[in-house]
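This is a predicted model, so every value here is computed, not measured.
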Amino acid sequence: MDALLEFAGNYWWLVFVFGGSIGGVAKGISAANQRRAERRQERFRIKQETKVAVAQANARQYKDRQAQKRDIAGALDEHRQTDARWFAYETDLVTLLDYPMMIDLREPLTVEFHKTKRRADLLKPDDPDALLDDLDAQAEYRDAVHAYAIAFDVAETEAKRRRHGGFDPREQERLTRAQHLLRLAFDDGATAQERQAAYKRARKELDGLIVMPQIGLQRLEAQIAGQLERGMSEP
């Protein structure tokens with residue numbers, strides 16, 4: 001230590017010779033350190049901004065998928081509601097004969113209703129999530145359901161307005177007789193033989209006039225068959 005102090009005391013004048021160089025080196029080192037610090041700060045800023053951007057993108061995607069799910073659920077609900085309205089006609093043959101235009105395929109409005117129903121049924125997804133992120137498929141299904149619901153409304157309104165008006169007097173008489181016979185066929189108070197005979201006569205009255213929905217006919221036949229089985233099992 002004493003030697004170092006002695007050297008500095010004897011050669012202090014070297015500071016004037018190398019002072020500028022030493023200062024330049026010091027400034028360079030300081031500048032380099034500053035640049036490294038700035039780069040570290042920049043990398044940190046970019047990293048943080050990337051995290052924020054990813055989080056925001058994920059949030060937007062989540063909100064978008066939730067909106068899609070609501071849209072798909074809305075279309076499915078409209079589809080179910082329209083199906084339920086039609087099912088009420090399919091299973092109530094007596095009421096259906098009040099508004100036979102609903103199954104009269106000679107009528108363009110009826111044809112359009114059944115055509116749009118088939119299309120909506122065809123596009124209905126087995127799994128609603130299968131439509132997620134496929135905006136074209138979502139729009140196609142949603143539009144098909146809207147068309148189905150509208151076509152049903154139009155056909156039902158016209159059928160209720162017209163009732164038997166689209167049929168000539170003789171056809172109207174056949175419809176009325178068939179309606180009375182179906183009431184008897186559905187009557188649990190009638191005997192099994194009466195119900196079965198009424199059902200057969202109703203089918204004969206309607207033959208060539210209108211085609212009754214298979215669901216309603218199967219339901220009626222099952223009721224009649226059940227009563228026949230009960231009657232045969234009784235002593």
Side-chain angles (χ1 to χ4, degrees), residues 76-124 126 145 147-235:
L76 287 168
D77 185 59
E78 185 177 22
H79 197 159
R80 282 191 293 268
Q81 289 185 35
T82 309
D83 278 347
R85 293 171 64 190
W86 167 236
F87 186 70
Y89 283 102
E90 282 189 304
T91 57
D92 187 351
L93 302 182
V94 175
T95 299
L96 181 59
L97 288 182
D98 277 332
Y99 316 109
M101 199 195 93
M102 294 297 290
I103 49 175
D104 186 359
L105 295 180
R106 298 174 300 178
E107 295 290 339
L109 292 179
T110 306
V111 172
E112 180 66 16
F113 151 56
H114 287 282
K115 182 171 70 174
T116 56
K117 173 175 169 52
R118 283 195 297 270
R119 177 167 174 75
D121 290 343
L122 180 65
L123 294 174
K124 183 179 180 180
D126 294 327
V145 171
Y148 168 37
I150 291 171
F152 181 87
D153 283 340
V154 172
E156 183 181 48
T157 299
E158 181 63 14
K160 288 183 175 180
R161 184 191 69 82
R162 190 182 302 183
R163 294 181 71 87
H164 291 179
F167 297 84
D168 63 37
R170 185 176 179 182
E171 290 173 334
Q172 291 182 29
E173 290 177 2
R174 290 174 60 188
L175 286 171
T176 300
R177 285 196 299 270
Q179 196 171 33
H180 290 320
L181 289 166
L182 284 176
R183 285 196 179 96
L184 178 58
F186 276 112
D187 185 2
D188 290 333
T191 66
Q193 290 75 15
E194 289 173 335
R195 295 182 69 186
Q196 189 176 52
Y199 168 70
K200 290 180 179 179
R201 288 176 58 196
R203 290 294 301 270
K204 185 175 180 180
E205 289 288 354
L206 296 172
D207 187 33
L209 188 59
I210 56 175
V211 178
M212 299 294 283
Q214 285 300 310
I215 292 177
L217 292 175
Q218 290 169 2
R219 174 172 170 264
L220 176 57
E221 289 171 358
Q223 289 180 348
I224 295 173
Q227 191 179 65
L228 281 172
E229 290 174 1
R230 289 195 301 273
M232 293 174 64
S233 64
E234 292 176 355

Least distance between heavy atoms, [X] atom then [Y] atom:
X      : Y      : result
Leu184 : Arg195 : O-CG, 3.6 Å
Leu181 : Ala202 : CD1-N, 3.6 Å
Gln179 : Val94  : NE2-O, 2.8 Å
Ala198 : Ala185 : CB-N, 4.0 Å
His114 : Ile103 : NE2-CA, 4.5 Å
Pro213 : Leu93  : CD-CD2, 4.1 Å

### Task
Starting from the C-alpha separation in whole Å, work towards a yes-or-no answer on salt bridge (charged side-chain N to carboxylate O under 4.0 Å, His left out) for Lys117 and Asp121.
CA-CA 6 Å; Lys117 173 175 169 52; Asp121 290 343; 3.1 Å; yes

Can you tell if the side chain of [X] reaches within under 4.5 Å of the side chain of [Y], non-hydrogen atoms only?
X      : Y      : answer
Met212 : Leu97  : yes
Phe167 : Ile210 : yes
Lys115 : Arg118 : yes
Val211 : Leu105 : no
Trp86  : Met102 : yes
His79  : Tyr148 : yes
His164 : Thr176 : yes
Arg163 : Asp98  : yes

Rounded to the nearest 0.5 Å, how far apart are [atom1] of [X] and [atom2] of [Y]?
X      : Y      : atom1 : atom2 : result
Thr82  : Phe87  : OG1   : CZ    : 15.0 Å
Leu182 : Arg177 : CG    : CZ    : 13.0 Å
Glu221 : Tyr199 : CD    : OH    : 3.0 Å
Leu175 : Leu96  : CG    : CG    : 10.0 Å
Gln214 : Glu90  : CD    : CD    : 10.0 Å

Do the charged groups of [X] and [Y] touch, with an N to O distance under 4.0 Å?
X      : Y      : value
Glu158 : Arg161 : yes
Asp187 : Arg183 : no
Glu173 : Arg170 : no
Asp104 : Arg106 : yes

### Audit row: Arg201, Glu205, salt bridge (charged side-chain N to carboxylate O under 4.0 Å, His left out) steps and yes/no
CA-CA 6 Å; Arg201 288 176 58 196; Glu205 289 288 354; 5.8 Å; no

### Query
Stepwise, does the salt bridge (charged side-chain N to carboxylate O under 4.0 Å, His left out) test hold for Arg174 with Glu171?
CA-CA 5 Å; Arg174 290 174 60 188; Glu171 290 173 334; 5.7 Å; no

